[in-house]
Amino acid sequence: MSKATYRRFDPWRAAPVTEESRETILSGHYFDIDRTSFDSRDIGHFERLILHKNNGDSVGVIGLTDDGLIPLVEQYRIPVHRWTLEIPAGHAIKQGERPLDVAKRKLAEEVGYEAEHLAQFCRFINTPSYSTQYTALFFASGLKAVHAGNDDALMSSVRYFTPEEAFHMVKNGTILDAKSIIAIQRVYFAPNHMVGDEHLS
């Protein structure tokens, strides 16, 4: 197979399909499900169910304490029927809540810290084959413990690991959550290059 470049990649070039209609068949706080009809020159008319994310990006935040530890949250995830280790993460509570504000809120709620600096270092599409969901990832430094109103729950669910320990759990399949894998690998491979810090004090 030839390795010659056919054309430069352009994510916004003309679409191969035309959207004909869209109907929301199920509404929720975080997601809607749309039944969407398309027409394609190659295959004709077809329909897809599309998961539509509401209220902006999902957000994940990975922190590094002054003694070099990453706080992860132990959670039971019903759809996959298993416990997971994840970075703090969540969604906007109301329309207009910024990803940065979500990151600050989830860092306090889920692991009990506030950050002197927060920097967005990545944004990705979760499942582009059927969803409009994007996730923005933040790095938190200058962590200070705060009272989040659920100290007992925090003590029972938060686990601390060095970047090396967390990366090893990524490699051996203990950590399977995609946003956490991306964030842990970024901290492990580029701990001194988490650029763009925004001072929050």
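Every value quoted in this text rests on a predicted model; they were computed, and no experiment measured them. Atom set for the values below is all heavy atoms of this structure, side chains included, hydrogens, waters and symmetry mates excluded.
Formation of a donor-acceptor pair under 3.5 Å by the D10 side chain with backbone atoms of W12 is found in this model. The main-chain N or O of H91 is never found under 3.5 Å from a side-chain atom of S58 such that the two would form a donor-acceptor pair. Proximity of a side-chain donor or acceptor of T162 to a complementary backbone N or O of E165 within less than 3.5 Å is detected. For E97 (side chain) and I93 (main-chain N/O), a donor-acceptor pair under 3.5 Å exists by modelled atom type. Not a single donor-acceptor pair under 3.5 Å links the side chain of D32 to the backbone N or O of N54. With hydrogens and angles ignored, the 3.5 Å screen pairs a side-chain donor or acceptor of R159 with a backbone N or O of S156. Although no hydrogens or angles enter the test, the distance criterion places a donor-acceptor pair under 3.5 Å between the side chain of T132 and the main chain of K53.
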Worked check of side-chain contact (heavy atoms from CB on, under 4.5 Å) between H81 and Y76: CA-CA 7 Å; H81 300 293; Y76 186 78; 3.7 Å; yes
Worked check of side-chain contact (heavy atoms from CB on, under 4.5 Å) between I87 and L72: CA-CA 5 Å; I87 61 174; L72 298 177; 3.8 Å; yes
Step-by-step side-chain contact (heavy atoms from CB on, under 4.5 Å) determination, H45 to S37: CA-CA 7 Å; H45 177 82; S37 297; 3.6 Å; yes
D57/V102 under side-chain contact (heavy atoms from CB on, under 4.5 Å): CA gap, chis, key distance, verdict: CA-CA 10 Å; D57 288 357; V102 177; over 6 Å; no
Intermediate values then yes/no, side chain to side chain donor-acceptor pair (under 3.5 Å), D42 and S40: CA-CA 5 Å; D42 296 327; S40 165; 4.6 Å; no
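Annotation: the span from Q133 atom CD to T127 atom OG1 amounts to 6.5 Å, rounded to 0.5 Å. Distance check, rounded to the nearest 0.5 Å: CG of L26 to CZ of F31 gives 12.0 Å. Interatomic distance, OG of S129 versus CD1 of I50, reported as 10.0 Å (0.5 Å rounding). For the atom pair NE2 of H117 and CG of L64, the computed distance is 13.0 Å after rounding to the nearest 0.5 Å. Put simply, CD on E86 and CG on D177 are 4.0 Å apart, with the number rounded to the nearest 0.5 Å. Note that the OG1 atom of T135 and the CG atom of N126 stand 3.5 Å from one another [nearest 0.5 Å].
When all heavy atoms are compared, the tightest approach of S131 to I125 is O-CG2, 4.5 Å. Summarising the geometry of G60 relative to A89, their closest heavy-atom pair is CA-CB, 3.9 Å, with the distance given to 0.1 Å. Shortest non-hydrogen contact noted between A183 and L137 is N-CD1, 4.2 Å. What you find for P163 and G68 is that their closest heavy atoms are CD-O, 3.3 Å. Closest heavy-atom contact between P88 and K106: CB-O, 3.8 Å. Residues I175 and S180 approach most closely at CG2-CB, 4.1 Å, considering heavy atoms.
D34 and T36 share no donor-acceptor pair across their side chains, judged by distance under 3.5 Å alone. If you check the side chains of D67 and T65, you find a donor sitting under 3.5 Å from an acceptor.
At a threshold of 4.5 Å between non-hydrogen side-chain atoms, the residues L176 and T84 do not count as touching. Using a 4.5 Å cut-off on side-chain heavy atoms (C-beta onward), M169 and L85 make contact. Counting heavy atoms from C-beta on, the side chains of L49 and Y130 never come closer than 4.5 Å.
Each of E20, E19, E23 was compared with R35 under the salt bridge (Lys or Arg N to Asp or Glu O under 4.0 Å) criterion, and only E23 meets it. The salt bridge (Lys or Arg N to Asp or Glu O under 4.0 Å) test with E114 singles out one residue from K144, K104, R105, and that residue is K144.
Linking Ile, Leu, Val, Met, Phe, Trp and Tyr whenever their side-chain heavy atoms come within less than 4.5 Å puts I62 and F124 in one cluster. Note on Y134: it does not cluster hydrophobically with F139, by side-chain heavy-atom contacts below 4.5 Å among ILVMFWY residues. A continuous path of hydrophobic side-chain contacts links V61 to Y160 [ILVMFWY only; heavy atoms under 4.5 Å]. Hydrophobic clustering (ILVMFWY, side-chain heavy atoms < 4.5 Å, transitive): I25 and Y30 are in one cluster.
Relative orientation of the F38 and F46 rings is parallel, given thresholds of 30° and 60° on the angle between their planes. Taking the six-membered ring where the residue is Trp, F167 and F189 present perpendicular rings, their angle passing 60° and hence far from 30°.
For E164, the CD atom counts as densely surrounded, since its 6.0 Å shell holds more than 12 non-hydrogen atoms of other residues, nucleotides or ligands.
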